[in-house]
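FYI, side chains are in, hydrogens and waters are out, and symmetry mates aren't considered; it's all heavy atoms of this structure. Numbered from 1 within each chain, the chains take letters A, B, ... in sequence-line order.
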Protein chains: 2
Amino acid sequence: MRKGEETRVRILEVAEAAVLAKGFGGTSIDELIAETGITKSGFFYHFRDKNELAKALLYRYIEADEKIYDDIFGRARELVDDPLQSFLLGLKLLSELLADLPNGHPGCLVATMCYYERAFDREIQAINREAALMWRRRFRGMFEEITAVHTPREPLDVDQLADMVSTVVEGGIVISKALKEPRALADQVLVFRTLVKLLFHPM
Amino acid sequence: MRKGEETRVRILEVAEAAVLAKGFGGTSIDELIAETGITKSGFFYHFRDKNELAKALLYRYIEADEKIYDDIFGRARELVDDPLQSFLLGLKLLSELLADLPNGHPGCLVATMCYYERAFDREIQAINREAALMWRRRFRGMFEEITAVHTPREPLDVDQLADMVSTVVEGGIVISKALKEPRALADQVLVFRTLVKLLFHPM
DNA sequence: GCGACTCCTGTACCGGCGGTGCGGTTCCCT
DNA sequence: AGGGAACCGCACCGCCGGTACAGGAGTCGC
């Protein structure tokens with residue numbers, strides 16, 4: 001890794017923590033450069049403006065997020081053959097991972113950007129939309145495999161069912177933060193897991 | 001209503017729309033007073049600082065939110081005797097209400113404040129927590145009534161089940177905003193409704 | 001060894017924003 | 001007529017995002 005790349009990553013790390021804690025508008029560049037140990041000029045060498053910082057943060061976050069899902073559900077796929085059982089195991093692993101976060105989930109950058117909407121340019125909104133669509137595609141694929149083997153007790157649109165995974169995670173993060181109960185998120189994932197299990201439970 | 005109260009409410013209305021659209025940090029006081037047609041001094045006559053504006057916004061929002069839930073689930077309770085059927089009807093009515101919002105759900109202020117955390121004082125965090133607990137109490141009451149009559153096919157904690165309603169709404173809002181599909185929120189509520197129906201479906 | 005490029009630092013400056021302070025002024029209520 | 005509620009007007013502060021530009025240290029190929 002080149003030296004410039006190192007600095008860039010360091011800025012992004014500091015910025016991600018700050019943005020998730022205080023929101024994007026609540027995070028000042030002065031504060032970021034103080035903690036990173038560079039100057040303002042240095043910051044603007046790496047990012048044209050705050051908007052470009054947001055973009056870089058989002059890309060980084062989504063990439064890491066995708067990797068986590070790849071790992072968890074990939075491992076679940078290896079361990080269990082049946083797509084339903086594999087998905088349920090994946091949710092269990094996800095729940096455990098979320099429960100093990102020391103200070104609770106730090107928050108989702110996609111959600112943060114959603115609640116900042118008009119202050120950003122269209123490109124960021126497009127990235128955000130693409131992230132949500134990636135989640136949808138991922139879980140729709142799983143539900144398609146499941147419905148190929150198991151008949152749901154009630155007919156449900158696979159896209160909507162897939163979105164429900166994201167909904168539960170995003171909603172769980174909000175409720176968890178509001179309640180100041182870090183466990184809540186992991187619990188919500190488990191409740192959803194039980195409901196999915198019931199949906200495909202043989203008559 | 002006194003004249004001062006009128007102005008105060010007008011500021012709050014303008015502020016709520018702006019905050020939900022651009023986040024709290026992205027909303028400037030100058031912008032609020034321009035749209036409200038008062039001066040900066042006038043604004044600070046009503047609110048000591050931006051923090052107090054946030055508090056007033058939250059109180060107002062939560063009150064309106066509670067009223068909506070009271071109306072919807074109160075009406076559902078009148079129309080149907082069985083607590084399960086009544087709750088399912090309530091979710092249906094809620095879904096319809098959400099689907100009829102012309103530009104989609106404007107966003108939840110509680111969630112906005114969650115993603116702004118450390119920038120606010122403890123009081124606001126406490127109000128936020130209280131809002132989430134109010135939701136929990138409301139829906140736990142309903143699930144207790146339901147479980148008194150119907151046996152769930154899987155044992156689930158009533159608090160966690162109650163939180164699931166808030167989770168689906170909050171998560172649905174985020175996903176809906178990210179996808180730029182206003183329908184998504186209403187659909188997620190309906191998917192949740194189907195899952196609850198299955199949970200209490202007789203064997 | 002030289003030039004070019006990367007990766008910054010330093011300094012100066014701008015306008016917007018949150019916020020303070022304080023001296024009016026208008027209008028309604030008693 | 002007096003007083004408080006509900007503002008207006010204006011001056012001022014420090015922080016923040018952003019611009020502009022000059023310069024310097026290290027690295028690389030030639």
Side-chain angles (χ1 to χ4, degrees), chain A residues 1-58 60 112-113 115-121 123-124, chain B residues 1-58 60 112-113 115-121 123-124:
Chain A
M1 179 153 45
R2 297 190 326 279
K3 196 185 168 219
E5 192 60 22
E6 259 177 61
T7 308
R8 204 184 130 93
V9 169
R10 219 165 65 245
I11 296 174
L12 288 173
E13 281 166 357
V14 171
E16 183 170 317
V19 168
L20 287 175
K22 291 172 292 187
F24 198 77
T27 303
S28 77
I29 293 176
D30 282 355
E31 170 198 342
L32 296 181
I33 65 177
E35 199 162 338
T36 321
I38 56 164
T39 60
K40 212 166 179 178
S41 318
F43 175 88
F44 283 106
Y45 171 79
H46 288 288
F47 306 97
R48 240 197 326 277
D49 50 26
K50 235 187 160 188
N51 216 318
E52 197 163 291
L53 172 68
K55 249 179 268 177
L57 278 176
L58 253 188
R60 208 181 96 97
T112 304
M113 305 292 181
Y115 272 106
Y116 213 72
E117 232 185 327
R118 285 213 266 280
F120 285 128
D121 57 21
E123 196 179 340
I124 287 202
Chain B
M1 179 154 42
R2 298 192 323 280
K3 194 186 168 215
E5 191 59 22
E6 260 178 60
T7 309
R8 203 183 129 95
V9 169
R10 219 165 67 243
I11 297 173
L12 287 173
E13 281 166 358
V14 171
E16 183 170 316
V19 167
L20 287 174
K22 293 172 290 188
F24 198 77
T27 302
S28 77
I29 294 177
D30 282 354
E31 169 197 343
L32 296 181
I33 65 175
E35 199 161 339
T36 321
I38 56 165
T39 61
K40 214 166 181 178
S41 317
F43 176 88
F44 283 106
Y45 171 79
H46 288 286
F47 306 97
R48 239 199 326 279
D49 51 25
K50 231 187 164 189
N51 216 318
E52 198 164 291
L53 172 68
K55 249 179 267 176
L57 278 176
L58 253 190
R60 207 180 98 97
T112 305
M113 304 293 180
Y115 272 105
Y116 214 72
E117 231 184 330
R118 285 213 266 279
F120 286 128
D121 57 21
E123 196 179 340
I124 287 204

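- Rounding to the nearest 0.5 angstrom, the gap separating the CD atom in B:Glu16 from the OG1 atom in B:Thr27 is 11.5 Å.
- Side-chain proximity of B:Ile29 to the nucleotides C:dG19, C:dT9, D:dG18 is greatest for C:dG19.
- Considering only side-chain N and O atoms, B:Ser41 lies nowhere under 4.0 angstrom from the phosphate OP1 or OP2 of D:dC8.
- Judged by distance alone, the side chain of B:Lys40 and the main-chain N or O of B:Ile29 form no donor-acceptor pair under 3.5 Å.
- Listed nucleotides: C:dG19, C:dC17, D:dC16. Nearest to the side chain of B:Lys40: C:dG19.
- B:Glu35 CD: 12 or fewer foreign heavy atoms inside a 6.0 Å radius.
- In this structure, CG of A:Asp30 is placed 9 Å from P of D:dC15, rounded to the nearest angstrom.
- Straight-line distance from the CG atom of B:Leu32 to the P atom of C:dG19: 12 Å, rounded to whole Å.
- Rounded to whole Å, atom P of C:dC7 lies 12 Å from atom CD1 of A:Ile11.
- For A:Ser28, no side-chain nitrogen or oxygen approaches OP1 or OP2 of D:dC15 to under 4.0 Å.
- Atoms CZ (A:Phe47) and C1' (D:dG17) sit 15 Å apart, rounded to a whole Å.
- Closest approach to the B:Thr39 side chain among D:dC16, C:dG18, D:dG9 is made by D:dG9 (side chain taken as heavy atoms from C-beta onward).
- Atom CD of A:Glu52 is separated from atom P of D:dG18 by 11 Å (rounded to the nearest Å).
- Counting to the nearest Å, the C1' atom of D:dG17 and the CD1 atom of A:Ile33 are 11 Å from each other.
- The distance from atom CG of A:Asp49 to atom P of C:dG15 is 19 Å, rounded to the nearest whole Å.
- Using a 4.5 Å heavy-atom threshold, the side chains of B:Ile11 and B:Ile33 count as separate.
- When the side-chain nitrogen and oxygen atoms of A:Tyr45 are compared with OP1 and OP2 of C:dC7, one or more of them lie within a distance under 4.0 Å.
- Remark: B:His46 is not in phosphate contact with D:dA6, judged by side-chain N or O atoms under 4.0 Å from OP1 or OP2.
- Put simply, CD1 on B:Ile38 is 15 Å from C1' on D:dA5, counting in whole angstrom units.
- Between D:dT19, D:dA20, D:dA5, one nucleotide has an atom nearer to the side chain of A:Phe44 than all others, and that is D:dT19.
- Here the OH atom belonging to A:Tyr45 is positioned 10.0 Å from the OG1 atom belonging to A:Thr7, to the nearest 0.5 angstrom.
- Projected onto DNA chain D by closest heavy-atom contact, A:Glu31 and A:Arg48 fall at different nucleotides, the more 5' of which corresponds to A:Glu31.
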